[in-house]
Protein chains: 4
Amino acid sequence: MILRMPKVSEEHRARRRDQILTAAMRCAAREGFHKTTMSAVIRESGLSAGAVYLYFSSKQELIRAVAGTAVGAVAGTLGALTEPENVVPPEQALLATTSRILEVGRAHDVEIIRVALQAWAEAARDPAVLALLHEEIAGIRAAWTDYAVAAIAAGHLAADADPVAVARTLMSMLPGFMLLRLVDPSTDPEQYAAGLAALRRPASPR
Amino acid sequence: MILRMPKVSEEHRARRRDQILTAAMRCAAREGFHKTTMSAVIRESGLSAGAVYLYFSSKQELIRAVAGTAVGAVAGTLGALTEPENVVPPEQALLATTSRILEVGRAHDVEIIRVALQAWAEAARDPAVLALLHEEIAGIRAAWTDYAVAAIAAGHLAADADPVAVARTLMSMLPGFMLLRLVDPSTDPEQYAAGLAALRRPASPR
Amino acid sequence: MILRMPKVSEEHRARRRDQILTAAMRCAAREGFHKTTMSAVIRESGLSAGAVYLYFSSKQELIRAVAGTAVGAVAGTLGALTEPENVVPPEQALLATTSRILEVGRAHDVEIIRVALQAWAEAARDPAVLALLHEEIAGIRAAWTDYAVAAIAAGHLAADADPVAVARTLMSMLPGFMLLRLVDPSTDPEQYAAGLAALRRPASPR
Amino acid sequence: MILRMPKVSEEHRARRRDQILTAAMRCAAREGFHKTTMSAVIRESGLSAGAVYLYFSSKQELIRAVAGTAVGAVAGTLGALTEPENVVPPEQALLATTSRILEVGRAHDVEIIRVALQAWAEAARDPAVLALLHEEIAGIRAAWTDYAVAAIAAGHLAADADPVAVARTLMSMLPGFMLLRLVDPSTDPEQYAAGLAALRRPASPR
DNA sequence: TATGAATGAGATTTCATTCAT
DNA sequence: AATGAATGAAATCTCATTCAT
């Protein structure tokens, strides 16, 4: 029996995979996961049907990969909130985060926010996507919890605040921001953060 | 000219439409809009194919109706935030709202939250659904703006707070809550509201 | 057992039948027999589905009736070619006939020529329509044979001409005329007859 | 840039197309265009549904191709009427033509005449088929006009005959011949030509 | 590895016809 | 006689996937 060296480099494989993934994202941003046909992905990728199936064994697997990429890309940008030397108050952290979400969307030339929306919907029917979303959310929550601890320490929040609860509430504003952007593209991180600031500003005693 | 009575009552027609809509929602909650087949809806509704198409001229039209119903049902419950005689602070308003969302889900025996998620995704591809979502969100925003004005008057918020910004930020927490519920069904209105309370509690001077 | 008198007059029945037939012809002229839906006929007739089926027991029966009407209307106009006291030469007979075909088309406000075309096609698949067409053609042929006999007698044709052959050939020009009209509505009876005249004019000896 | 050889030969594609076209013609000859189901064509062709739609993007497109083939096949045989060295009189030209139409029908083992009838009916509802018929008829007319010019020169027709009018009238006898054949398969080119001969034979002076 | 023609189950939709009223 | 809502078989077409090359 002959042991074959891989015919093409690992790097080549990775490039191909990415090519397909990018094509699929573009399609999903336009038509959603289930109105996107493999045919469309194949055309957009510039590869052949056979080639695509060499890298993803089924449409559902490709959907999972796309969902993972989109959710991960959003999540990935939210990891570095705590720079301990310079902890900002919550409204500034929120501003930084929403701004970064928009940047990610611009960086990939596909509207990643739209794909993330598709991924949430898909999580409601595919347990694998749900698990994946769960994990990403856990990561985001952990980052925000770290931030909350630091913010409490820095005196931006009450000393008795529960960092986990604060983290959950803060991070839960991001989907809303994304949805508002979809519905009204003029929605803007500054205004958005201003709302939180207003909520936190104490009422002057009457 | 002869005025003819309708052969079947308007009420009959409405009941039929509802029957189909309910069946479609149940299916959409399970499989999403585009993995739900008309066959499944027809089976679930107990009607014939022809009958379904008598009330909805295409699958896409049915999807729009379902999306509208789900988004509307959620929005509908959020209208009565301001009972002027007794304006509660934001964290309690949030608690009331998230609780009501869960109630709506229980009331309809379909998981309306899942369908709402599908509707958001659909808004990204069907302009008609986007328009519909836009309108519902405008309604919710208006209700929260009324609330914000009252809350400012009641001294729950700073006098110089912008009610519109507050409204947008507060209401934007609802999609996040729904998404968190999907990922982790133990997510709970109380804990959730506690996070906002903690965010709003002033840090004691050091 | 009770013997019932007919509830409505025979005349009423005939009017209803005609109403349906006319509606069906209009539809057939537009879309052909098999792309016309019963729904369209029902709408066009202003009656209800049930009513239509009271007069024609199936779509195929209605098609046969329409085919019969159209073919019959064309044939009916070609019966009076021989007015023995004044027998015209063939090119004038042809002119009279093609002109009359156009008149029939104008008289019914449906383009009866188009329906006749549908009927020919239908004859290729429905033996009942074939039989009907056969009969009408036999009638037309008989009329033309009478004409040929008279034309021979009147010296418009050679004394040894076979009236049956002449009749067949002359009458066979009518479908061609109708088809040419369909393709080129400027086709005109005068020009058309002129072609036959030219064919019949003897070449001068060289 | 890489020039790729086609995976399958052009010839292969053409053979497949023909396979489908032939199957469709057989079906159309039996049932007409609109009572022929795609299922029937698929079965008759021996291919799969997908394969058929790879070559014809819709039923209507297939119908157009079939109509074009049938009309074209009939028209194609009528091109070589003028052999200048030996121009025959009109009745012989007609005999040659009608005989050739029957040959075409026998050559294809489908009854092409029936399909041509379907095509005429279709021309009444599909402008694309009308255009196609228009073009074929123009071709036939041109051939007959060439013939008429030659026949006039050869002294078979009067010197002042209008070749265009003669051509139109002569060629218009073909649809009639075809329709008569449908209704009465014993209709025969010889008898048919005899009718024209009789029409052209001058009446002896009385 | 890569191709892309071919597959065929299954999706959506239509429409001739019926029948309770 | 007349209505028109309802039926459900059947039509057209799609599309995820395979496999010979």
Side-chain angles (χ1 to χ4, degrees), chain A residues 4 6-9 12-13 16 34-43 47-63, chain B residues 4-9 12-13 16 34-42 46-62, chain C residues 4 6-8 12-13 16 34-43 46-63, chain D residues 4-9 12-13 16 34-42 46-62:
Chain A
R4 256 185 248 267
K7 280 267 186 58
V8 296
S9 66
H12 173 83
R13 283 193 61 83
R16 276 273 193 271
H34 297 292
K35 286 297 266 189
T36 291
T37 65
M38 287 305 279
S39 210
V41 174
I42 288 158
R43 203 180 319 116
L47 296 175
S48 68
V52 168
Y53 276 85
L54 232 41
Y55 293 88
F56 296 92
S57 67
S58 70
K59 187 185 181 183
Q60 197 57 37
E61 215 203 84
L62 178 55
I63 286 175
Chain B
R4 243 185 266 272
M5 285 281 97
K7 206 53 176 306
V8 298
S9 62
H12 171 86
R13 281 194 63 82
R16 276 272 191 272
H34 297 291
K35 287 297 265 190
T36 292
T37 67
M38 287 305 280
S39 261
V41 174
I42 287 157
L47 294 175
S48 67
V52 169
Y53 277 87
L54 223 48
Y55 291 88
F56 297 93
S57 67
S58 69
K59 186 183 182 183
Q60 195 58 36
E61 214 204 84
L62 178 55
Chain C
R4 257 186 247 265
K7 283 266 186 59
V8 297
H12 174 83
R13 281 193 62 83
R16 276 274 194 266
H34 298 292
K35 287 297 265 189
T36 290
T37 65
M38 288 304 281
S39 208
V41 174
I42 288 158
R43 205 180 317 116
L47 296 176
S48 68
V52 169
Y53 275 85
L54 230 42
Y55 292 88
F56 296 92
S57 68
S58 70
K59 186 185 183 184
Q60 196 59 36
E61 213 204 87
L62 178 56
I63 286 175
Chain D
R4 242 184 267 270
M5 284 281 94
K7 205 53 175 307
V8 298
S9 62
H12 172 85
R13 280 194 63 81
R16 275 271 192 273
H34 297 292
K35 286 298 265 188
T36 291
T37 68
M38 287 305 281
S39 260
V41 174
I42 287 158
L47 294 175
S48 66
V52 168
Y53 278 88
L54 224 48
Y55 291 88
F56 296 93
S57 66
S58 68
K59 187 184 182 183
Q60 196 57 36
E61 215 203 86
L62 178 56

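Numbers restart at 1 for each chain; the letters A, B, ... are given by sequence-line order, proteins then strands. Note that the structure is predicted; figures quoted are calculated from it, not measured.
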Using a heavy-atom cut-off of under 4.0 Å over every strand shown, decide if [X] touches base, sugar-phosphate, or nothing.
| X | result |
| --- | --- |
| T36(B) | sugar-phosphate |
| R43(A) | nothing |
| S58(A) | sugar-phosphate |

Closest non-hydrogen atom pair, [X] against [Y]:
| X | Y | answer |
| --- | --- | --- |
| E61(B) | S57(B) | OE2-OG, 2.8 Å |
| L54(A) | R13(A) | O-NH2, 4.2 Å |
| V52(D) | I42(D) | CG2-CG1, 3.8 Å |

What is the separation between atom [atom1] on [X] and atom [atom2] on [N], rounded to the nearest whole Å?
| X | N | atom1 | atom2 | value |
| --- | --- | --- | --- | --- |
| L47(A) | dT1(E) | CG | P | 13 Å |
| K59(B) | dA11(E) | NZ | C1' | 8 Å |
| F56(C) | dT18(E) | CZ | P | 16 Å |
| Q60(B) | dA11(E) | CD | C1' | 15 Å |
| L62(C) | dT17(E) | CG | P | 10 Å |

### Task
Would you mind reporting whether I63(A) and H34(A) have side-chain heavy atoms less than 4.5 Å apart?
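Counting from C-beta outward, H34(A) and I63(A) do come under 4.5 Å.
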Taking only the side-chain heavy atoms of [X] (C-beta and beyond), determine which of [options] contains the nearest atom.
| X | options | result |
| --- | --- | --- |
| R16(A) | dC15(F), dA2(E), dC13(F) | dA2(E) |
| Y53(D) | dT14(F), dT7(E), dT13(E) | dT14(F) |
| H12(B) | dA5(E), dA6(F), dT7(E) | dA6(F) |
| A49(B) | dC13(F), dA2(E), dT14(E) | dT14(E) |
| S48(D) | dT7(E), dA2(E), dT7(F) | dT7(E) |
| M38(A) | dT12(F), dA5(E), dA16(F) | dA16(F) |
| L54(D) | dA5(E), dA5(F), dT7(F) | dA5(E) |

### Query
Taking the side chain from K59(C) and the backbone from T37(C), do they hold a donor-acceptor pair closer than 3.5 Å?
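It does not hold such a pair.
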### Message
One pair to check against side chain to side chain contact (heavy atoms under 4.5 Å, CB included): S39(A) and R43(A). What are the steps and the verdict?
### Response
CA-CA 6 Å; S39(A) 210; R43(A) 203 180 319 116; 4.1 Å; yes
Check whether any side-chain nitrogen or oxygen of [X] sits under 4.0 Å from OP1 or OP2 of [N], and answer yes or no.
| X | N | answer |
| --- | --- | --- |
| R13(A) | dT1(E) | yes |
| H34(C) | dT14(E) | no |
| Y55(A) | dA2(E) | yes |

### Message
Measuring from atom CG of L47(C) to atom CZ of R16(C), what distance do you get when rounded to the nearest 0.5 angstrom?
### Response
5.0 Å
#### Entry: Residue mapping more 5' on DNA chain E - nearest nucleotide basis, G46(D) or K35(C)
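Here G46(D) is the residue nearer the 5' end.
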### Message
Both G50(A) and T37(B) contact DNA chain E. Taking the nearest nucleotide for each, which residue is further toward the 5' end?
### Response
G50(A)
### Angle by which the axis turns from one end of the helix from dA2(E)-dT21(F) to dT21(E)-dA2(F) to the other, five pairs per end, to 10 degrees
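End-to-end axis angle: 10°.
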